[in-house]
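Structure record follows, encoded as structure tokens.
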Amino acid sequence: MKKVLLTLIAVLGLGLAAQAASYTIDEQSIDAMIEMAEEVTPAALEAEGATDVTIHIGNGAQPIVAFLLALVPVTGWLAIHRMYMGTSILAVILNIVTGAGFGVVYVIDWVMLLIGVLDNNIGQYCNNGRWLMWADLI
């Protein structure tokens with residue numbers, strides 16, 4: 001009970017300390033940054049001879065994020081981790097309709113993503129359209 005009370009006091013204290021009035025926006029710096037920015041479009045990339053003009057955001061799915069999404073029962077059953085990793089919509093629908101394979105697929109997804117976190121590699125599960133994305137690894 002003490003830990004809960006101390007946590008609530010800490011959150012309340014941080015909430016009071018972080019007031020919006022203490023933050024400022026330097027509009028001149030923002031304008032200068034926008035002026036210096038270079039617009040990149042797929043057409044401009046093709047003109048420069050790039051072969052892959054797909055715009056990628058970030059470095060792909062992060063193992064720890066996919067694992068945490070699978071760990072939480074609600075997001076695991078709703079296949080949020082699978083959507084994050086880029087699976088097919090059919091696999092997501094099958095996961096939701098069958099209750100993540102009556103819990104079996106949910107547990108195996110969780111274990112396989114835990115192994116992926118330990119190896120720091122979930123590449124074999126990303127953009128994998130199969131419902132049993134790990135079936136060839138068992």
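No experiment lies behind these values; they were computed from the predicted model shown.
Residues forming a side chain to side chain contact (heavy atoms under 4.5 Å, CB included) with Ile30 (at least two apart in sequence, or on another chain): Ile25, Ile34. Asp26 pairs by the side chain to side chain contact (heavy atoms under 4.5 Å, CB included) definition with Gln28, Ser29, not counting sequence neighbours.
Summarising the geometry, atom CD1 belonging to Ile93 is positioned 11.5 Å from atom OG1 belonging to Thr98; distances are rounded to the nearest 0.5 Å. The distance from the OH atom of Tyr106 to the CG atom of Leu78 is 11.0 Å, given to the nearest 0.5 Å.
Residue Met33 belongs to no hydrophobic cluster, having no ILVMFWY side-chain heavy atom closer than 4.5 Å to its own.
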